[in-house]
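Some notes on the structure that comes next.
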Amino acid sequence: MKKLTINEEIFLIAIWHLKEEAYGVKIHAKIEELSGSKILYGTLYNTLDYLVRKRYVKTRKGEPSEKRGGSNKVYYRITLTGKKALQNARELQNTLWKDIPKFAFK
Amino acid sequence: MREHSLNKPPKTAKWLLIHIVRYHSKYSISGDLEEVYRDILQVNGKVKADHWYWRQVLFTIFKYINNSFYWGTVMLKNYIKIAFRNLLKQRSFSFINISGLSIGLACSLLIGLWVQNELTYDMFHDNSSNIYRVVEVQKYAGGDFPVAVTPGSIGPELNSKYPEILENARVIKFGTLVEYQDNSFFEIDMISADKSFFSIFDFPVIKGDPETFFNDPNSVLITEDISKKYFGNNDPIGKVLRFDNSYNVTVTGVINNKNSQSHIKFDFLTTIRQFESQLDNWERNWIYTYVLLDDNADIKTVNSKIVNTLIDNSNQTEADVYLQPLKDIYLKSDFTADYENLSNFQYVYIFSGIALLVLIIACINFMNLSTARYVNRAKEVGLRKVIGAVRPQLLRQFFSESILITLIAVTISILLINFALPYFNNISGKELSLDLFGNQYILIGLFSLTVFTGIIAGIYPALFLSSFQPVQVIKGTYISNKRGIFFRKAFVILQFSLSIFLIICAGVISNQLEYIQQKDLGYDKSNMIFTSLRGSATQSYSVLKEELMKLPGVQNIGSISNFPGNIMNSHPNFSWPGKDPESEILFHYSFVDHDFLKTFKMNMLNGRDFDPLIDLPESSVAIINEEAAKMMGFDEPVGATFTFSGTNVNIIGVVKNFNFKPVYTKIEPIILALSPPNASLTFIRTYPTFNQTVIESISEKWESIVPNQPFLYYHYDELLGESYASENKMGEISKYFSFFAIFIACLGLFGLVSFTSERKIKEICIRKVLGASTGKLAIKTVFEFLKLVFYANIIAWPVSYILSRNWLNNFAYHTDISPSIFILSGILALLITVITVGYQSIKAANTNPAESLRHE
């Protein structure tokens, strides 16, 4: 399984955090919160599309709403493959940072 | 809730998003954006919200396109690399391929430039869309005759009567003797125009101030070439030229009309004053009238208003008047008495057709050569399929390859065009240039040509090459595709049919041209020189004639009032007993002296020629031609009388029809009226044997009788030949392009044969080992290809026959399509095939069997 890039990792974690509430606008907000930097919606959808194609994430149609001009909401959910990828990423992180004390790069 | 629903995000942005980003609904992008939009709307207001929305949409679109490109470009790099490698690996084949394509592209582009030039004639004037020419439709017993010339009074009348007509300008074509210091020339491209000419037309001015041009009624404007011709490098402004040996004009300006795209060709432009006395007339149609219409005028309304102008004001009661748009004049005019240098929309079609054909031949070449080399690519394709390439990807690869090759070919063709342009300009008489960045049509044309050619030429190879089955290919059990061979043969046949078709057409065109130039005009046009009687020469005419006739080389001398190659004078006001009063027939007329017909060696059918003893100066007699006699319908034309503008004229004879207009027009009725004082063009027929010395003696004698007047003469047949200039150009151009077409087809054949023989080398060598002779082997291959060319002939002949017929029917007088053209082109094609194929097969058949069979 290919390694996750850091952006993909951020996205997947954000989606995981939001659980049932994970849709476009909310994911965008969460990502900005987690990473501390702004992203544009264009980047958001681009990466989401990639994640969907790689089957880390799956989509689910929601209810239409007036506020959205009549279009449906689309909810995102991590798949098993996605969870596995996250798991691998975490293990890799742990291995990498295992014996390095917290103040090593200060 | 209500506030939300009232404020929608910017419609255009949303529309763009939905239509460009293919996956927008999958992720409900527009929904998300709208939600946030509403929030921002509440907090920051509409302006900020709209701004934000646009930004998001544009960026999303940008990212989307970038993404799709990314995957495309990654593979593209690989495709380009492989394409180049293949090109270099098979150098000779690539060379043939690319050169064939470049030549084809170069030809099409050249023709494209020519076509563009033709189509944009007269567009450079600021007001071009509002400029019209006043034309008439004369209605006679024979039908409707559109006429391009109008009476002098019509322009001012239309101008003053109708407010929609803002300006009018009259243009008169004339020619006369022009003298400056020691130089004198008889100039024929001269026009005379109203001052308003410059309010309507915008010819670029090189020297002088347009405002002051016509202040002096005796001024003239000249072109750069004329300035050089008469004044060298000196400033022409202010210099005085002498016209017609009788009046002076001053040069007030220099205009650029060189190779310009104007249907009005002129070297000199004078004020209309010299013709002033003849202008106010409603009966004589001899002037070109142009008008400028108001922007808001509706042409249909104006036409319906002016249609009866002639009927109301003149005796031309069967003539309608209407306006012809400026843009139609050059290509779509079909009028009597029009300018000579007009072209025809037909030629635009013909040449576009030729360009297309040449391009198709080049593309077929490419197709054939690419697929012929398939064996070398088969393994590559098989392997790609094994690692997972799908057909669309392979198609993309081969298309990029063909577009790449086309790009290379296009670059080379641009170089070729730059090289060929001077020659082409020479032949076509234009001044075309490949102004890549100035002329946006060229860029668009180049781009679309590249894509078009790349795709067309690439379709077949792409489909063919991408269809290989990996297992067969890699195992090596791939055998020749029967269908492939069939297609390739079909393509060769198609190529050759097109080339043969082009050759036949070029043959027909040049035959027709020759015919036109050699056609019996009804008189003998050779061995005649002519000069214009001016000034004192007119009085001394009889003395001149007498003295010159005494010279040994001079056979005959006669005069006429108009240039016999193109007599445009015509009038409807002829009446005769028995004429249907309703009908109006247009008769041409010219004034001649007693010896005109003799000098021209015309044949009398009936009656007698003019005789100075019988036909005294006061008598009004005339000779009419066959056609006129037919129109008048007399049982016995000789002795009958007709009336012209009140004068009764006796018909003393009927002359056999002769061409007094360019040969492709039908012969019309003409009346040759005896009136020596009016016949100012004097023709001198010399005996064929000693021309130059005779001319010198004539010159001497003339100048001794008419001092202060250099004897200026022209060879009649030369001048006559010049009226067919545009047909000649067409002929030349078609000849060259059909040569290129066949050359490209040959290149293709050459490449194909060399490849086939390469593949068959093992077969050939085995045969040799078994005892076959080199000669027999070569002949066998040659015959295979000859068969194909034979089929090509069979296809090409009927098609070219039908099309040539159609074209020839445009000419009132034309050759029959002789079978020899077909046979000749067939033989030519066969010959070429034999040479190309023979050479290659002999080379192949000569290979040492030991070498090629070594690895068996």
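Letters A, B, ... mirror the listed sequences (proteins, then strands); counts begin at 1.
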* Y75(A) portion near chain B, given a 4.5 angstrom heavy-atom threshold -> neither
* To do: Can you tell which part of D49(A) gets under 4.5 Å to a heavy atom of chain B, answering side chain, backbone, both or neither?
  => both
* Indicate the atoms forming the closest heavy-atom contact of Y23(A) with V74(A), along with that distance. => CB-O, 3.2 Å
* To do: State whether the side chain of T43(A) and the backbone N or O of I39(A) hold a donor-acceptor pair below 3.5 Å, judged by distance alone.
  => no
* Structure fact -> Greatest number of non-hydrogen atom pairs under 4.5 angstrom with chain B, of V52(A), L44(A), L48(A), falls to V52(A)
* Should the pair E20(A)-R60(A) be classified as a salt bridge under the 4.0 Å nitrogen-to-oxygen rule? -> yes
* With a 4.0 Å cut-off, would you call K8(B) and E34(B) a salt bridge? -> no
* Partner chain A: residue of L58(B), T60(B), D32(B) with the largest heavy-atom pair count (under 4.5 Å) -> D32(B)
